[in-house]
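In what follows, a single structure is set out as structure tokens and then discussed.
Note that the structure is a prediction, hence the values are computed from the model and not measured. When a ligand or atom number is given, it counts from 1 through the structure's own listing order.
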Amino acid sequence: MKLTPMAPQCGVEVSGVALANCSDAEMDAIKQAIYEHGVAVFRDQEFSPEDHIKFGRRWGGIDVNNYFPLQEEFNEIAIVKKEPDQQTNIGGAWHTDHSYDQIPAMGSVLVARHLPPSGGDTMWAHMGAAYDSLSDDLKEQIEGLEAYHTADHVYEEGGLYAQTDMGKNLRGQDLKTGAIHPVVIRHPHTGRKMLYVNSGFTIHFVGQTREESLPLLTKLLDAALTETNQCRLQWKPGTIAIWDNRTTWHNAMNDYQGHYREMHRITLSGEALAA
Ligand code: SIN
């Protein structure tokens, strides 16, 4: 198995392994690479829906997504798709999945099933590198701070997604979510400090209103997005990406209007987060 960094601070391409049949030693090395680099990319994989589910269970469990349509036959698999006549796409802005859960999903295994002729790349940004890049003053300001996260404004009836042409495919619009996490977490496996706020789901700091929180929150969200902590994946048939939601944000490019794109996603169970 060979690991090749995708960019200086984020992402690694893993070659020489068949994900569906990897050994326990390979699985441990893959997990460690993902915890450190944030996302790992595997090319030319044969990976059936059964392999996908088997891999998720083997990793440590599957959190079924509450909102996206599920694959009819294998309903631990969420379908992330965009029709040719659709304008908006799922995940088309920087975010971290499931930060609105008190025990957020560890990450996702995303498999390319149908790709547009060009475009539809996915980007990731490394939140360990983002934390490291903050000034000492900012680091001091956020030490010990906690933030409130929810997805209600995104998925509820009349929410951000419902106002777009993605709304008709959604489930779970009556669900209520809400979680409090430290603004700086220690990665549960590497111990590295990570900035854990995101523009999708972080609403305010605990003990402050949204208005009071916005100046500092905006500063952190802006600081988290520098090109130097990002990587970009150009999907090909047979490509699989596995990412860590604690280490990264991600953003699905929406630059293939008029074409169909379908990805299969399994969300991997995680653990409670701590400073
Ligand atoms: C997502 O999980 O946010 C979507 C990623 C993608 O479609 O590339």
Side-chain angles (χ1 to χ4, degrees), residues 6 10-11 13 34 38-43 45 47 52 55-56 59 62-71 76-84 86-101 104-127 149 151 153-155 159-161 164-167 169-172 177 198-202 224-225 230-257 259-270:
M6 293 166 69
C10 187
E13 189 149 339
I34 292 166
V39 54
V41 169
F42 305 81
R43 301 288 191 185
Q45 298 289 315
F47 210 63
H52 200 173
F55 185 86
W59 183 291
I62 296 172
D63 283 3
V64 177
N65 183 277
N66 286 325
Y67 301 109
F68 303 150
L70 301 177
Q71 225 261 2
E76 283 151 300
I77 298 177
I79 308 284
V80 175
K81 68 175 176 180
K82 181 169 178 260
E83 304 282 352
Q86 216 176 304
Q87 298 304 305
T88 46
N89 67 331
I90 289 177
W94 285 106
H95 65 286
T96 300
D97 294 336
H98 291 240
S99 72
Y100 47 81
D101 290 331
M106 173 268 146
S108 282
V109 183
L110 191 69
V111 182
R113 293 296 182 203
H114 189 105
L115 294 169
S118 65
D121 295 358
T122 308
M123 297 183 70
W124 285 267
H126 198 292
M127 290 302 116
H149 302 239
H153 61 294
V154 178
Y155 295 113
L160 289 177
Y161 270 17
T164 70
D165 55 6
M166 278 182 296
N169 291 325
L170 286 184
R171 301 157 41 245
T177 58
N198 68 90
S199 24
F201 303 119
T202 311
L225 278 185
Q230 297 172 17
C231 67
R232 184 173 183 130
L233 168 61
Q234 198 175 8
W235 295 89
K236 294 182 187 149
T239 301
I240 299 173
I242 308 177
W243 68 85
D244 184 327
N245 285 322
R246 294 78 55 94
T247 313
T248 56
W249 291 0
H250 59 280
N251 186 1
M253 299 294 105
N254 185 16
D255 55 357
Y256 51 97
Q257 299 301 356
H259 297 285
Y260 185 67
R261 180 178 185 268
E262 179 176 321
M263 316 296 273
H264 283 186
R265 197 178 95 175
I266 274 184
T267 311
L268 303 166
S269 307

Query - Pairwise side-chain contact, Ile90 with Tyr67, heavy-atom cut-off 4.5 Å (strictly under) - result: no
Query raised in the report: Nearest protein heavy atom to atom 3 (O) of ligand 1, by residue and atom, and its distance?
Result: His250 NE2, 3.0 Å
Query raised in the report: Taking it one step at a time, do His149 and Phe201 satisfy ring pair (Phe, Tyr, Trp, His ring centres under 6.0 Å)?
Result: CA-CA 5 Å; His149 302 239; Phe201 303 119; 8.3 Å; no
Query - Taking every non-hydrogen atom, the tightest pair across Gly92 and Asn89 - result: CA-OD1, 3.3 Å
**Report entry** Proximal ligand 1 atoms for His95, defined as those under 4.0 Å from one of its heavy atoms
**Finding:** 3 (O)
Query raised in the report: Hey, is Leu110 touching ligand 1 through its side chain, its backbone, both or neither, going by heavy atoms under 4.0 Å?
Result: side chain
Query raised in the report: Tell me, do Trp235 and Thr122 make a side-chain contact under 4.5 Å, heavy atoms counted?
Result: yes
Report task. Quick one: look up the protein heavy atom nearest atom 8 (O) of ligand 1 and list residue, atom name and how far away it is. Result -> Thr122 OG1, 2.6 Å
**Report entry** Heavy-atom pair with the smallest gap, counting every atom of Gln87 and Asn254
**Finding:** O-ND2, 2.8 Å
Query raised in the report: Identify the closest protein heavy atom to atom 2 (O) of ligand 1: which residue and atom is it, and at what distance?
Result: Arg265 NH1, 2.7 Å
Requested in this report: Among all protein heavy atoms, pick out the one at the shortest distance from atom 7 (O) of ligand 1; state its residue, atom name and that distance to 0.1 Å.
Outcome: Arg261 NH1, 2.8 Å
Query raised in the report: Is there a side-chain contact (heavy atoms from CB on, under 4.5 Å) between His250 and Asn245 once you walk through the steps?
Result: CA-CA 9 Å; His250 59 280; Asn245 285 322; 4.2 Å; yes
Query raised in the report: Going by heavy atoms in the side chains, are Ser108 and Asp97 under 4.5 Å from each other?
Result: yes
Requested in this report: Output the list of atoms in ligand 1 that are nearer than 4.0 Å to some heavy atom of Gly91, sorted by atom number.
Outcome: 3 (O)
Requested in this report: Using a 4.0 Å heavy-atom threshold (strictly under), name the region of Trp243 that reaches ligand 1: side chain, backbone, both or neither.
Outcome: side chain
Query raised in the report: Going by the order shown, which atoms of ligand 1 are within less than 4.0 Å of some heavy atom of Ala252?
Result: 5 (C), 6 (C), 7 (O), 8 (O)
